[in-house]
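Shown next, in structure tokens, is the structure this report addresses.
Start at 1 and go down the list; that is how both ligands and their atoms are numbered.
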Amino acid sequence: MIGVFDSGIGGLTVVRALRQDLPRHNILYFGDTARTPYGTKSPGTVIQYAIQDAEFLIQRGAQILVVGCNTASSVATDRLRERFDVPIFEVISPAVRMAVSEPKGKRVGIIGTRATVNSGVYEQKIRALRPDMKVYGAACPLLVPLVEEGWLKKGETRRIVKKYLHPLKLKQINVLILGCTHYPLLKEMIQAKIGKRVKIIDSSEALSRSVKDFLHDNPHMASNLGTEGTCKFFVSDVTDHFEKLARKILKSVGKLEHIKL
Ligand code: DGL
């Protein structure tokens with residue numbers, strides 16, 4: 001099984017991308033809805049939560065681990081790799097590889113939670129591959145609650161998106177990485193505000209493609225992952241609101257099973 005975890009429900013955008021690219025493989029999802037958001041927490045706390053999330057999925061039979069959450073990917077990946085002996089995928093590197101291969105990409109913008117942007121991980125990875133690129137990060141802390149509120153088309157959201165993107169617009173970026181699980185749901189609005197000429201990279205799609213490539217190169221691993229195309233969803237807290245949001249992201253999520261870590 002492919003185990004995917006996130007701080008909550010936003011990681012279902014990663015599951016959505018995985019289901020599109022790898023519809024036959026079985027997925028186990030854990031959303032830490034009781035402790036969400038991670039993006040406003042310190043690295044130490046996010047690392048502790050990420051280790052518990054990963055432990056849960058591996059105990060339940062995950063043979064591959066996907067860190068669907070950008071915040072956890074930014075601060076906890078190294079610690080997870082030290083601790084767990086399964087292939088671990090995070091959302092940052094695949095998006096970075098796409099950004100550096102953009103022919104017109106000389107100026108890259110990254111939007112994400114405060115923890116992701118403060119970690120500087122996207123910048124480090126981009127500069128390691130392309131020192132000539134200019135990288136600009138912008139934390140957008142209000143976007144997660146707006147998406148969770150379902151305000152995907154509201155004027156208020158549009159104005160806040162515009163305000164957050166303004167500094168990146170002034171830098172005349174030509175590539176923009178959506179470095180947060182929730183932002184793909186605002187992709188059209190973000191594209192409209194940043195301008196048509198800016199190439200938007202959705203980190204969930206980039207990640208899903210890299211898992212697909214890995215399984216293509218490791219057929220033995222792929223054949224052990226289960227091919228019934230099942231998806232099981234676990235959360236650490238269940239509310240009607242989260243169930244509704246989950247259905248907005250992924251049409252059918254079945255029952256969200258409540259577990260205590
Ligand atoms: N999943 C988080 C991320 O991608 C967003 C929500 C949160 O702050 O926990 O960074």
Side-chain angles (χ1 to χ4, degrees), residues 3-18 29-54 57 65-77 79-80 88-96 109-123 125 137-152 157 160-161 164 176-187 190 200-208 233-237 239 241-242 245-246 248-250 256 261:
V4 183
F5 80 82
D6 175 48
S7 56
I9 291 299
L12 292 178
T13 54
V14 172
V15 174
R16 186 170 70 182
L18 284 169
Y29 180 84
F30 175 65
D32 197 4
T33 45
R35 302 189 293 198
T36 200
Y38 284 7
T40 51
K41 304 217 162 56
S42 69
T45 300
V46 175
I47 290 170
Q48 182 199 332
Y49 292 170
I51 289 173
Q52 290 168 350
D53 302 344
L57 288 172
L65 197 62
V66 172
V67 186
C69 176
N70 276 262
T71 302
S73 294
S74 302
V75 302
T77 302
R79 297 294 291 278
L80 294 173
I88 297 181
F89 292 84
E90 37 78 23
V91 260
I92 319 279
S93 305
V96 163
I110 292 135
I111 52 174
T113 64
R114 222 174 242 136
T116 296
V117 171
N118 287 349
S119 77
V121 168
Y122 275 105
E123 284 90 331
K125 285 185 185 280
C140 307
L142 292 174
L143 298 190
V144 166
L146 286 168
V147 168
E148 295 201 345
E149 212 41 53
W151 285 23
L152 302 180
T157 308
I160 290 170
V161 165
Y164 278 144
L176 177 64
I177 298 177
L178 305 185
C180 175
T181 46
H182 289 55
Y183 303 171
L185 298 172
L186 296 171
K187 189 171 173 182
I190 291 170
I200 291 191
I201 295 177
D202 175 342
S203 55
S204 64
E205 287 173 7
L207 164 77
S208 165
F233 300 95
F234 296 91
V235 285
S236 48
D237 190 24
T239 63
H241 183 68
F242 271 130
L245 185 62
K248 208 169 243 173
I249 301 174
L250 210 63
L256 297 177
L261 282 189

How would you list all residue pairs meeting salt bridge (Lys or Arg N to Asp or Glu O under 4.0 Å) that involve residues 138-148, not counting sequence neighbours? none
So, taking the atom named CG in Leu256 and the one named OG in Ser236, what distance separates them when rounded to the nearest 0.5 Å? 11.0 Å
One should read off an interatomic distance between Asn70 CG and Ser203 OG, to the nearest 0.5 angstrom, of 4.0 Å
Measure the CH2-CD1 distance between Trp151 and Ile160 for me, rounded to the nearest 0.5 Å. 8.0 Å
Are there over 12 heavy-atom neighbours, none belonging to Arg35, within less than 6.0 Å of that residue's CZ? yes
How long is the span from the CZ atom in Arg114 to the OG1 atom in Thr71, to the nearest 0.5 Å? 11.5 Å
Show the distances, to 0.1 Å, for all pairs joining an N/O atom of ligand 1 and a protein N/O atom that are shorter than 3.5 Å, listing one pair per line.
from	atom 1	to	atom 2	distance (Å)
ligand 1	1 (N)	Asp6	OD1	2.8
ligand 1	1 (N)	Ser7	OG	3.1
ligand 1	1 (N)	Thr181	OG1	2.9
ligand 1	4 (O)	Asn70	N	3.0
ligand 1	4 (O)	Thr181	N	3.0
ligand 1	4 (O)	Thr181	OG1	3.2
ligand 1	8 (O)	Tyr38	N	3.4
ligand 1	8 (O)	Gly39	N	2.8
ligand 1	9 (O)	Ser7	OG	2.6
ligand 1	9 (O)	Tyr38	N	2.6
ligand 1	10 (O)	Thr71	N	3.1
ligand 1	10 (O)	Thr71	OG1	2.6

